[in-house]
Amino acid sequence: MAIRTRFAPSPTGYLHIGGVRTALFNWLLVQRHGGQFILRIDDTDVERNKAEALQPILDGFRWLGINWDEGPEIGGSFGPYFQSQRSELYKNAVEKLIETGHAYPDYMTKEELDAERKAADDAKKAYVHRGPHRETPAAECVKLIAEKPTTIRFKVPTGRDAIVEDLVCGHCKQKTDLIGDPVIMRATGSPLYNFATVVDDIAMEITHVVRAREHLTNTYSQVLFWEALGAPLPKFAHLPVVNEPAPKPGAKYPPGVKPPNKNKKLSKRDMAKFVTPEVRLQLNAIGWTDEQIAARDDLNPATVAFYRELGYLPDGLVNYLCRLGWSFDDKTEFMTMAEMKANFTLDRVNDSPASFDPEKLYWLAGEHMKTLSMEDRIAGSVPFLVKAKLIAEPLDATTKERLTRIIGAMGDRLKLFSDILIYAGPFLKAEPEYDPQAIENVLQKPGTADLLKEISAALATCEPFDAATTEQALHDYAADKGIKAGSLNQPLRIAVTGVSKGPGVFETLSIFGKPEVLRRIDLALAMIGE
RNA sequence: GGCCCUGUCGUCUAGCGGUUAGGACACGGCCCUUUCAAGGCCGCGACACGGGUUCGAUUCCCGUCAGGGUCACCA
């Protein structure tokens, strides 16, 4: 059976982690069973520049590899895919409901409604609105509205249950006597979201409505719309919400910033709290100034753009999101895109909320990096190096060769593309930048200077200057002196690179080449006053 | 407040009447390497609580508690 699912983002300017997880489940379901995944833009109520606010969302999906079969920029035979262009459909649906006695005009003012609501509140009773024209015959309603347009309400049938058979939540029901007659169209003729969604889902022949849990309650009135419109119900799956991360033990938050709460939904609002000092540092390290961070409201860990900026692999993010609230079995964590597509099923969606864990995402991103070819690693790393002005595009053959060797030497240290800056920086800067801590802890220790002089002499004779040869030379030297070979590594590394961590030291030496290594050892000696 | 949903290590999860309650992230230790990663081994650590049903409950039922969602002319 070909299935049709949809995701209906509103153009907010960024792709939210929780939203993309919902979209992913929709998409995965289609990949698994075959069918179409539709992007429908919910732009009925937004004043901002829509095209501009939509682009980042489309870019985000493309980056993640989540393609849509119908929607913006590609069209499809069920269009238009912007709700703002579908007003006729909503109007027709409302007319049909009025004519068939399923909807009626309601002239009550906001003040009257508020008063009713308050009275119910005061009496500690549930407020269930029923308009005065509820029982007015359909023909008369039509006349009334033609003469004096107003708000249209749906006539909720009384004395029964609204039933939602949910693929995740199971058999859910609600007494219709507890559902107030909802407004489906404003006096202005614009439809309400809850209703427009149903009209669109029917028109677009959506077979599976997969969305966040907060819509479950809306669904009770929606199934009544479906029924009144005479359309067959789709299957429903209401996903558990994604919550904020649990606060890290010992993490500090700036004054006035609330720590994350694992019981709270990861919300679009209030994202500033996720820009912790650590996060800010991460962004600073890849070249974002505090002003730029403040100016871009999408640059925080609740958005997809954040992870893209930091050089996370999209497959890693997808893998993480896929496993958030869903499991394949009792042990699988790492999955390729192909494995996810082949194995995703709704029946293994968990039904309790899941909190977002950036640490696990980071780990998974690293696992995916391990599978990448050298070419892909280079391609992903270059933009970060260019932005940091460590290399210039286009890459010449020498730089590319050098980069290949550096990335090769880095091995699994590269988890995110931005990690390239930490490790490749010391290789690509013309002069070493000596880390004060390293100088103090290692270079300035008594005897180090003499040691470096002798190491330098030993290295000078190495030919060829490759890792095996230099290692052997230093090994021999250490044996000669009766010291442990390993004790030479850190002084040498720091003298040459300026920093105390990095790839294997002999690998490092060979990348620099003999003359540069000897020059840098002299530099270090001069610096510590020898 | 009414209605609905949810409750397994700090986190993500497996479990679907009988398990020493399994795996993963994180954390701690050891090994490897005198760097940092990666890898290997070990450890810490959970069935919210109280009643039932049952020979036996993490699992089924009912309460309690806790959290969440929703009750809009927002999406």
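The basis for the numbers below is simple: all heavy atoms, side chains too, and nothing from hydrogens, waters or symmetry mates. Below, chains carry the letters A, B, ... as their sequence lines are ordered, and counting in each starts from 1.
- Both A/Phe506 and A/Asp412 lie close to RNA chain B; mapped to their nearest nucleotides by heavy-atom distance, the more 5′-ward contact belongs to A/Phe506.
- Rounded to whole Å, the distance from CH2 on A/Trp326 to C1' on B/rG23 is 15 Å.
- For A/Arg413 and B/rC36, a side-chain-to-base donor-acceptor distance below 3.5 Å is present, hydrogens and geometry of angles not being considered.
- Only the P atoms considered, B/rG1 is 32 Å distant from B/rU53, to the nearest whole Å.
- With hydrogens and angles ignored, the 3.5 Å screen pairs no side-chain donor or acceptor of A/Glu244 with any backbone N or O of A/Ser355.
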Would you sort out whether A/Phe7 and A/Ile57 count as a side-chain contact (heavy atoms from CB on, under 4.5 Å), showing the intermediate values? CA-CA 12 Å; A/Phe7 181 66; A/Ile57 291 172; 5.9 Å; no

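- In this entry the distance linking CD of A/Glu471 with P of B/rU34 reads 8 Å, nearest Å.
- Computed from coordinates, the A/Ile179 CD1 to B/rA72 P distance equals 12 Å when rounded to whole Å.
- Interatomic distance, CG of A/Leu321 versus OH of A/Tyr307, reported as 9.5 Å (0.5 Å rounding).
- Within the 4.5 Å cutoff, the side chain of A/Gln83 has heavy atoms near those of the A/Asp200 side chain.
- To the nearest angstrom, C1' of B/rC32 lies 14 Å from CG of A/Asn489.
- If you take CG of A/Asp177 and C1' of B/rC4, they are 16 Å apart, rounded to a whole angstrom.
- In this structure, the CG atom of A/Asp106 is 10 Å from the P atom of B/rC73, given to the nearest Å.
- Between the side chain of A/Glu333 and the base of B/rG23, at least one donor-acceptor pair of N or O atoms lies under 3.5 Å.
- Side-chain N/O atoms of A/Lys175 include none lying less than 4.0 angstrom from OP1 or OP2 on B/rG2.
- Counting distance only, with no hydrogens placed and no angle test, the side-chain atoms of A/Thr151 and the base atoms of B/rC73 include a donor-acceptor pair under 3.5 Å.
- Remark: A/Ser355 is in phosphate contact with B/rC12, judged by side-chain N or O atoms under 4.0 Å from OP1 or OP2.
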